[in-house]
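Only a predicted model underlies this, so the values are computations on that prediction, with no experimental measurement involved. Chain letters run A, B, ... following the sequence lines, proteins first and then strands; every chain starts at 1.
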Amino acid sequence: MSLSDDELRGLSALLNEVIPPSADGRMPGAGEIGLAPRIARDLARQEVVLDAVLTGLGTLDRLARGECGAAFGALLAEDRKRILAQVAEAGTDLAPLLAFPAYLAYYEHPKVLVALGLDARPPHPVGYELEPFDQRLLESVRRRARLYREA
Amino acid sequence: MAEETVDVLIIGAGASGAAMAWSLADTRMRIVCLEQGGWMNPATYPTTGMDWEARSLGDFSVSPNSRGRPEDYPVNDTDSPIKASMFNAVGGSTILYAGHFPRLHPSDFRTATLDGVGADWPIDYATLEPYYAENDRMMGVAGLAGDPAYPPKEFPLPPVPLGKLGETLAAGFNQLGWHWWPSDSAIATQPYRGRDRCVNLGPCISGCSQGAKASTDITYWPEAVRQGVEVRTGCRVREILMRDDGMADGVIYYDAEGNECRQRAEIVIVACNGIGTPRLLLNSKSSAFPDGIANRSGLVGKNLMFHPYGMVVGFFDDPLDGYKGPTGCSIMSQEFYETDLSRGFVRGYSFEAVRGMGPVSSALSGMGAGRIPWGEGHHEGFRSVFNRTASLLAICEDLAEERNRVTLDPELTDSNGIPAPKLDYRLSENSQKMLAHGVERAKEVLEAAGARETDVNSPLSVAGWHLMGTARMGTDPQRSVVNEWGRSHDVRNLFIIDGSIFVTSGGVNPTSTIQALALYVADRMKQNLATLFD
Ligand SMILES: Cc1cc2nc3c(=O)[nH]c(=O)nc-3n(C[C@H](O)[C@H](O)[C@H](O)COP(=O)(O)OP(=O)(O)OC[C@H]3O[C@@H](n4cnc5c(N)ncnc54)[C@H](O)[C@@H]3O)c2cc1C
Ligand code: SF4
């Protein structure tokens, strides 16, 4: 099932609530790096979850249009938070449903890896260099008597 | 076409099947191995792509139930707090294993005599010692000689680098005056027999795309195949057949297209692991063996042993670079391995250090532990976890109990309609006390090493990866399934060589012992070829 542009904008706005941009501006919000289509695809593997998210998005959008005259995805942060809090109070908290796929997609995204100071590449083939360890660390262990029992 | 009878039929191409095939290959017998999985292609392993962490939860999950590849069979593990973990392919579970490769201790073979629990093995450490050494050469084991916790042993390769994380933990052990040693690791730290050296990618447990980790598809199998052993992939054995004279006749299996096929053999060797082997034996019913082949003792499937794992994660202020280096191989400790009854339990455990996690796993596990919230505080939470954790696993000896067992599920089947295994397993009181002790000591080490906080996950439910005891060896046919060299007491041309034949579990990862046993059984077979069935 593909999401409409409005739904994708709404989902992006929600993702920004799950992983917001960091206060120091170093880390992007999860809604700012184009994750919505991928997360929608991931959610589609579990129809019930996708249904719940879409229903929730519909509710958010209705409230947003009613109270602020704009789609949920187009609201200012403050209004978004207020609407979300209302819906959560009524028992529909979407963040827990989105957290798993959001964390999964966010922390493998090249922009996020670079912001964390990591290389934006898979581990293979470059890998990492590690120095051989300093065997002086073992001096006290080497001095110990045998620890195993003869049998 | 006339039906061919092969000399030797090995079922399962994992750790033990590979070692057996290689060792028997020099006899020039006609050897066929049936394996339900296929050859893996390391170029497609998760670590070659950006989604490497997501794939370790999907098509490379350690659980056959979550993975659900066509070659996997389901395992009903709802009645076990420890869940089944394995891989089905040429290489078996070594495709995913961490390569932590310690040996058993001499005392593990004599628990009844020394400590009054379990049973003594019909063989001892000295019997296996040359086979351990041969296996270390074949697998390419990295380590450091001189460990006071073991009888002397040499290694073909230098130890894995400890990295900042390993050295930090080592300092913690030193501060407490406790034993630690660089891990024996089935990882090529230098180029070795055509394998590339480890480049410290980290996630060895989703397959080593570098080819540095010793999975048997790249160690034993290429050599065995070169010597003429045939590996038939995509072939799932349904049952072992009996002849009228009380000998095994061969097997019925399904090929990759689902065709039912028969393969006759003079010798049948089962190497399907501690769950797959009892499952196959129990599925092989005949008039001679209504309760499953080789099961006159009634012990097939019983005495299932895992190693209960207690995991403690330490959180440090400084970065530890823990995502660099082989996940499960840095240092280990055997301070609490041998029995000391003043601890409140009998037998003991090892500590295995685990390096840190990648960003996705850090985020997800941090969320699970309530340390990385969504919304406000997310980034602070992540920063306090990622690259700042080091973990210790207490790998506890599991004493054999008949109530812990593998049976056949009355309803669940695999894609060929073959009944699936069901696990019934409870932690003994001794295991619970040992786990509790391990968890407390792990906290002490982590704190001594500088951890500001610790989280506990015990027993670790995913850790059902050491599968032992379900067709144990022994000299008494009433109390064991196979004799002291792996031959079934009941069927004289049927051998079992995987972790099923363990009598006790010890408190270390089992694969070096599984393979040493397979090499030992192979040698005994070769020495006794003329009188093998007497
Ligand atoms: C995630 C993970 C981490 C691990 N880490 C370590 C570690 O660090 N150190 C360690 O010592 N051990 C570790 N292990 C355990 C180790 O992998 C096993 O001990 C070892 O592979 C067992 O060898 P085996 O020959 O008994 O069985 P396996 O290697 O499991 O091989 C059994 C083979 O039999 C095949 N088979 C089963 N039934 C049938 C059938 N009916 N027909 C045809 N084929 C069949 C399977 O497909 C499989 O390929 C780990 C395991 C996992 C999963
Ligand atoms: S850390 Fe080494 S052994 Fe492990 S996957 Fe990477 S290269 Fe292979």
Need one label for [X]: side chain, backbone, both or neither, based on atoms under 4.5 Å from any heavy atom in chain B.
X	result
A:Asn16	neither
A:Ala145	backbone
A:Arg121	backbone
A:Pro125	backbone
A:Ser22	both
A:Glu129	both
A:Leu118	side chain

Who among [options] has the most heavy-atom pairs with chain B under 4.5 Å?
options	result
A:Val112, A:Leu138, A:Ile19	A:Leu138
A:Pro96, A:Ala30, A:Pro110	A:Pro96
A:Ala102, A:Ala95, A:Pro122, A:Gly127	A:Pro122
A:Tyr106, A:Phe100, A:Tyr107, A:Phe133	A:Tyr107
A:Pro132, A:Pro123, A:Gly29, A:Ala151	A:Pro123
A:Arg142, A:Arg144, A:Arg149	A:Arg149

Taking the side chain as C-beta and beyond, is there a heavy-atom pair between B:Tyr132 and B:Thr513 under 4.5 Å?
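With C-beta onward as the side chain, the pair touches.
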Is the closest side-chain heavy-atom distance between A:Leu147 and B:Tyr337 below 4.5 Å?
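Result no, sub-4.5 Å side-chain heavy-atom pair not found.
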Compute the centroid of each ring, for [X] and then for [Y], and state whether the two points are separated by less than 6.0 Å.
X	Y	result
B:Trp178	B:Phe336	yes
B:His378	A:Tyr103	yes
B:His179	B:Phe173	no

Charged tip of A:Arg146 within 45° of A:Tyr148 ring normal and under 6.0 Å:
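Yes, A:Arg146 lies over the aromatic ring of A:Tyr148.
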Cationic tip of B:Lys153 above B:Phe155 ring, under 6.0 Å, 45° of axis:
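The answer is no; the distance or angle limit is not met.
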Heavy-atom pairs under 4.5 Å with chain A - which of [options] has more of them than the others?
options	value
B:Asp196, B:Asn387, B:Thr339, B:Asp124	B:Thr339
B:Ala170, B:Pro203, B:Pro106, B:Pro151	B:Pro151
B:Leu162, B:Asp147, B:Asp108	B:Leu162
B:Ala54, B:Gly368, B:Gly375	B:Gly375
B:Val360, B:Thr48, B:Thr47	B:Thr47
B:Ala171, B:Ser209, B:Ser361	B:Ser209

Mind running side chain to side chain donor-acceptor pair (under 3.5 Å) on B:Ser107 and B:Glu338 for me, showing each step along the way?
CA-CA 8 Å; B:Ser107 69; B:Glu338 299 286 349; 2.8 Å; yes
With only heavy atoms counted, which part of [X] is less than 4.5 Å from chain A, the side chain, the backbone, both or neither?
X	value
B:Leu144	side chain
B:Gln334	backbone
B:Pro182	side chain
B:Phe382	side chain
B:Pro373	backbone

Pair A:Ser4, A:Asp6: side-chain N/O donor-acceptor within cut-off below 3.5 Å
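No, no side-chain donor-acceptor pair sits under 3.5 Å.
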Classify the side-chain pair B:Tyr125/B:Arg103 by whether it contains a donor and acceptor separated by less than 3.5 Å.
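There is such a pair (donor and acceptor under 3.5 Å, judged by atom type) between the side chains of B:Tyr125 and B:Arg103.
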B:Arg55 bridged to A:Glu108 by N-O distance under 4.0 Å:
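Between A:Glu108 and B:Arg55 there is no salt bridge, as every charged N stays at least 4.0 Å from the carboxylate O atoms.
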Residues A:Arg9 and A:Asp5 bridged, charged N to O under 4.0 Å
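A salt bridge is absent here (no side-chain N lies under 4.0 Å from a carboxylate O).
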Classify the ring geometry of B:His105 against B:Tyr150: parallel below 30°, tilted from 30° to 60°, perpendicular beyond 60°.
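Judged by the thresholds at 30° and 60°, the geometry between B:His105 and B:Tyr150 is perpendicular.
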Mind running side chain to side chain donor-acceptor pair (under 3.5 Å) on B:Trp121 and B:Thr504 for me, showing each step along the way?
CA-CA 8 Å; B:Trp121 292 53; B:Thr504 59; 2.7 Å; yes
